[in-house]
Protein chains: 2
Amino acid sequence: MDDIDRALVRNLQEDAGRSYAALGAAVGLSAGAAHERVRKLRERGVIRRTTVEVDPAAVGSGVLAYVMVDANAWMGDSAAAFAAIAEIQEAHVIAGSASVLVKVRTATTEQLQDVLRRLYAIDGVSGTQATVVLETFFERPVPL
Amino acid sequence: MDDIDRALVRNLQEDAGRSYAALGAAVGLSAGAAHERVRKLRERGVIRRTTVEVDPAAVGSGVLAYVMVDANAWMGDSAAAFAAIAEIQEAHVIAGSASVLVKVRTATTEQLQDVLRRLYAIDGVSGTQATVVLETFFERPVPL
DNA sequence: ACACCAGGTGGACGACATCGACCGGGCGCT
DNA sequence: AGCGCCCGGTCGATGTCGTCCACCTGGTGT
């Protein structure tokens with residue numbers, strides 16, 4: 001994981017469709033060498049997968065909210081219960097007054113309310129506090 | 001934006017490296033037709049870009065925190081000020097007691113503290129409340 | 001000083017993206 | 001209702017690119 005690897009990852013974050021020849025040229029390597037390094041980055045799990053960034057509003061998820069979930073029980077083993085709610089994009093166990101922080105995307109605020117209802121149905125959940133996003137300044141890849 | 005488009009996007013979210021032939025087969029179309037639909041999805045901005053998902057811990061961003069930023073002024077035009085802090089991965093204007101919610105990734109808690117210091121330096125920022133993530137259950141693509 | 005090896009180069013081969021010519025079915029117009 | 005237009009599809013040709021391999025080189029440890 002040297003500077004060249006970091007440059008490769010940065011390039012792929014910008015555009016994963018870039019050719020290995022272009023990738024190599026960008027970091028001063030041949031196409032074959034660039035290919036080999038990227039292969040190893042995948043193998044090591046540094047690169048998890050190559051995916052596509054979607055405009056949430058265009059696919060019917062115009063409403064974004066963060067929900068602090070309070071609990072009266074140990075939530076460490078409840079990942080599956082949160083994953084079962086399709087509208088939840090992220091779920092984290094947090095330090096602080098609440099127990100879990102989830103990121104929710106829905107089409108409407110009514111559907112957001114429905115997600116809150118389903119959150120309450122999870123074992124151990126004692127309360128929620130939703131924060132609705134008014135405007136997203138930016139969302140960008142993991143920093144290097 | 002019909003069911004076929006949704007299926008295509010779902011497939012590309014899973015693996016953007018999939019061939020157009022495989023993509024077409026998955027939705028009952030020829031490679032050419034699949035290619036054309038994906039091209040239009042990009043053109044329309046439904047697909048913003050094709051990128052690579054990176055393991056944050058592997059690139060020196062093992063600490064994740066959400067920070068509620070309080071302000072005593074209108075923050076609507078301050079996107080650039082937040083974008084200038086490289087460790088900030090997301091920044092949203094929110095409804096509620098705080099003004100802005102930011103997602104921060106750093107290597108250490110010391111660096112997190114430094115980010116908080118730089119947040120205070122932004123015009124209009126009057127306070128911060130950081131929530132450190134202990135464990136991430138999951139992070140997944142925008143739901144369809 | 002020598003041998004080993006991780007990591008790089010360049011070329012060959014096959015697969016895949018990309019484009020164009022052609023086709024069919026749905027919709028609006030007369 | 002009939003006609004023609006056009007969006008969106010299939011199929012096939014072409015060139016680029018990913019992928020693999022054989023060979024090379026510079027650094028490291030004994």
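Below, chains carry the letters A, B, ... as their sequence lines are ordered, and counting in each starts from 1. Just so it is clear, the values below take in all heavy atoms, side chains as well, and ignore hydrogens, waters and symmetry mates. In this text the structure is predicted, and so the values were computed from the model without any measurement.
A salt bridge does not link Glu14(A) with Arg10(A): every distance from a Lys NZ or Arg NE/NH1/NH2 to an Asp or Glu carboxylate oxygen is 4.0 Å or more. A salt bridge links Asp5(A) to Arg37(A): at least one charged side-chain nitrogen sits closer than 4.0 Å to a carboxylate oxygen.
Residue-environment remark: CD (Glu135(A)) exceeds the threshold of 12 foreign heavy atoms within 6.0 Å.
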Checking side-chain contact (heavy atoms from CB on, under 4.5 Å) for the pair Ile88(B)/Arg140(A): CA distance, chi angles, key distance, verdict? CA-CA 9 Å; Ile88(B) 296 183; Arg140(A) 53 191 182 193; 4.2 Å; yes
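Two residues are said to be in side-chain contact when any heavy atoms from C-beta on lie closer than 4.5 Å; Glu139(A) and Glu53(A) fail this criterion.
Between Tyr66(B) and His92(A), the angle of the ring planes lies from 30° to 60°, which puts this pair in the tilted group.
Straight-line distance from the CD atom of Glu36(B) to the P atom of dG8(D): 8 Å, rounded to whole Å. Counting to the nearest Å, the P atom of dG18(D) and the CZ atom of Arg18(B) are 19 Å from each other. For the pair Arg37(B) CZ and dG8(D) C1', the interatomic distance rounds to 8 Å; values are reported in whole Å. Residue Tyr20(B) contributes atom OH, which lies 15 Å from atom C1' of dG18(D) at whole-angstrom precision.
Bracketed by its first and final contacts, the part of DNA chain C lying under 4.0 Å from non-hydrogen atoms of chain A reaches from dG7(C) to dT9(C) in 5' to 3' order.
The phosphate of dT19(D) has OP1 or OP2 within less than 4.0 Å of a side-chain N or O from His35(A).
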